[in-house]
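Values below: all heavy atoms of this structure, side chains included; hydrogens, waters and symmetry mates excluded. Proteins come first, then strands; the chains are lettered A, B, ... in the order of their sequence lines, and each starts at number 1. Quick caveat, the model's predicted, so the values are computed rather than measured.
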Amino acid sequence: MNYWLVKSEPAAYSWTEFVREGGTDWTRVRNFQARNFLRQMQPADLVLFYHSVSDKQIVGVAEVATAAAPDATAPAGTDWVAVRLQPRQPLPAPVSLARIKQDERLSQIALLRQSRLSVMPLKAEEFDVLLELGEVK
DNA sequence: GCCAACGTTGGC
DNA sequence: GCCAACGTTGGC
């Protein structure tokens, strides 16, 4: 079991839309490092859903439904991939970027160290801390 | 292969 | 609105 975090601008695609649709193919990732992480995702891995830019907080927990497959939105001849994600539960208490920065246990997470990366791994301990802050029972 | 110019992301 | 970080493009 691995743990991940994905980012989305709510204006482009929000947690609310994700829940309404019951899941989505996580397409349009066009960064090699992020793509490599997508390829490592396995069904049942848990994924935190972060709203960037206008919201700047983690709002929910999703899970990988289907491992990486070719991204249907990518041009022919390229090898970008997408995974299928489905919502699991909202965070009772969304965890803000400011809150994350305050917690020493989270000082090494990629969200802080590499702010532009849109798909990143989380250590199990980091994931647990974030669920705790999010008041997920 | 280097690097300047430019575009995008995302926080402040 | 600004700017830092970083990726991409293209001239040389």
Side-chain angles (χ1 to χ4, degrees):
Chain A
M1 167 81 75
N2 287 304
Y3 302 96
W4 310 93
L5 182 147
V6 297
K7 301 200 294 197
S8 182
E9 286 193 42
Y13 189 74
S14 69
W15 171 260
T16 304
E17 287 173 79
F18 179 53
V19 169
R20 188 191 310 131
E21 294 176 350
T24 197
D25 290 323
W26 206 257
T27 54
R28 299 172 203 280
V29 170
R30 298 289 183 271
N31 170 281
F32 292 110
Q33 203 181 350
R35 183 197 67 188
N36 292 342
F37 290 134
L38 286 178
R39 283 183 172 156
Q40 292 171 36
M41 291 187 183
Q42 293 300 321
D45 282 359
L46 296 176
V47 184
L48 296 180
F49 194 114
Y50 177 80
H51 274 169
S52 64
V53 183
S54 57
D55 206 27
K56 287 175 280 185
Q57 54 185 4
I58 299 171
V59 293
V61 185
E63 80 177 74
V64 177
T66 308
D71 179 347
T73 71
T78 59
D79 58 354
W80 300 111
V81 299
V83 295
R84 180 145 194 99
L85 298 181
Q86 63 188 34
R88 197 168 161 117
Q89 62 177 313
L91 294 197
V95 180
S96 70
L97 183 63
R99 184 72 189 81
I100 291 168
K101 286 182 173 175
Q102 285 170 9
D103 199 306
E104 227 173 67
R105 297 170 294 177
L106 300 172
S107 63
Q108 299 304 308
I109 71 172
L111 186 68
L112 300 183
R113 300 171 69 84
Q114 223 180 320
S115 68
R116 291 183 56 192
L117 188 61
S118 66
V119 177
M120 63 193 77
L122 291 172
K123 295 191 183 86
E125 310 86 73
E126 293 165 343
F127 182 81
D128 289 343
V129 168
L130 290 165
L131 286 194
E132 174 200 317
L133 295 175
E135 295 177 15
V136 172
K137 301 295 183 266

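- For A:Phe18, the ring pair (Phe, Tyr, Trp, His ring centres under 6.0 Å) partners at least two apart in sequence or on another chain are A:Trp15, A:Phe49.
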Donor-acceptor contacts, no H, no angles, side chain residues 91-114 of chain A, under 3.5 Å, sequence neighbours left out:
{"residue": "A:Ser96", "atom": "OG", "partner": "A:Arg99", "partner atom": "N", "Å": "3.0"}
{"residue": "A:Asp103", "atom": "OD1", "partner": "A:Arg105", "partner atom": "N", "Å": "2.9"}
{"residue": "A:Asp103", "atom": "OD1", "partner": "A:Arg105", "partner atom": "NE", "Å": "3.0"}
{"residue": "A:Asp103", "atom": "OD2", "partner": "A:Arg105", "partner atom": "NH2", "Å": "2.9"}
{"residue": "A:Ser107", "atom": "OG", "partner": "A:Glu104", "partner atom": "O", "Å": "3.1"}
{"residue": "A:Gln108", "atom": "OE1", "partner": "A:Arg113", "partner atom": "NH1", "Å": "2.9"}
{"residue": "A:Gln114", "atom": "NE2", "partner": "A:Gln33", "partner atom": "OE1", "Å": "2.8"}

Cut-off 3.5 Å, no hydrogens considered: what does the side-chain donor-acceptor table look like for residues 64-76 of chain A, sequence neighbours left out?
{"residue": "A:Asp71", "atom": "OD1", "partner": "A:Thr73", "partner atom": "N", "Å": "2.7"}
{"residue": "A:Asp71", "atom": "OD1", "partner": "A:Thr73", "partner atom": "OG1", "Å": "2.7"}
{"residue": "A:Asp71", "atom": "OD2", "partner": "A:Arg28", "partner atom": "N", "Å": "2.8"}
{"residue": "A:Asp71", "atom": "OD2", "partner": "A:Arg30", "partner atom": "NH1", "Å": "2.9"}
{"residue": "A:Asp71", "atom": "OD2", "partner": "A:Thr73", "partner atom": "OG1", "Å": "3.2"}
{"residue": "A:Thr73", "atom": "OG1", "partner": "A:Arg30", "partner atom": "NH2", "Å": "3.1"}

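- Annotation for A:Val53: hydrophobic cluster partners, listed by chain and number, are none (ILVMFWY side-chain heavy atoms under 4.5 Å, direct or chained).
- Legend: residues meeting salt bridge (Lys or Arg N to Asp or Glu O under 4.0 Å) with A:Arg88, ordered by chain and number and at least two apart, are A:Glu63.
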Write out a two-atom table: protein N or O, nucleotide N or O from nucleotides 6-12 of chain B, distance below 3.5 Å.
{"residue": "B:dT8", "atom": "O2", "partner": "A:Arg116", "partner atom": "NH2", "Å": "3.1"}
{"residue": "B:dG10", "atom": "OP1", "partner": "A:Lys7", "partner atom": "NZ", "Å": "3.2"}
{"residue": "B:dG11", "atom": "OP1", "partner": "A:Tyr50", "partner atom": "OH", "Å": "2.9"}
{"residue": "B:dG11", "atom": "OP2", "partner": "A:Val53", "partner atom": "N", "Å": "2.8"}
{"residue": "B:dC12", "atom": "OP1", "partner": "A:Lys101", "partner atom": "NZ", "Å": "2.2"}

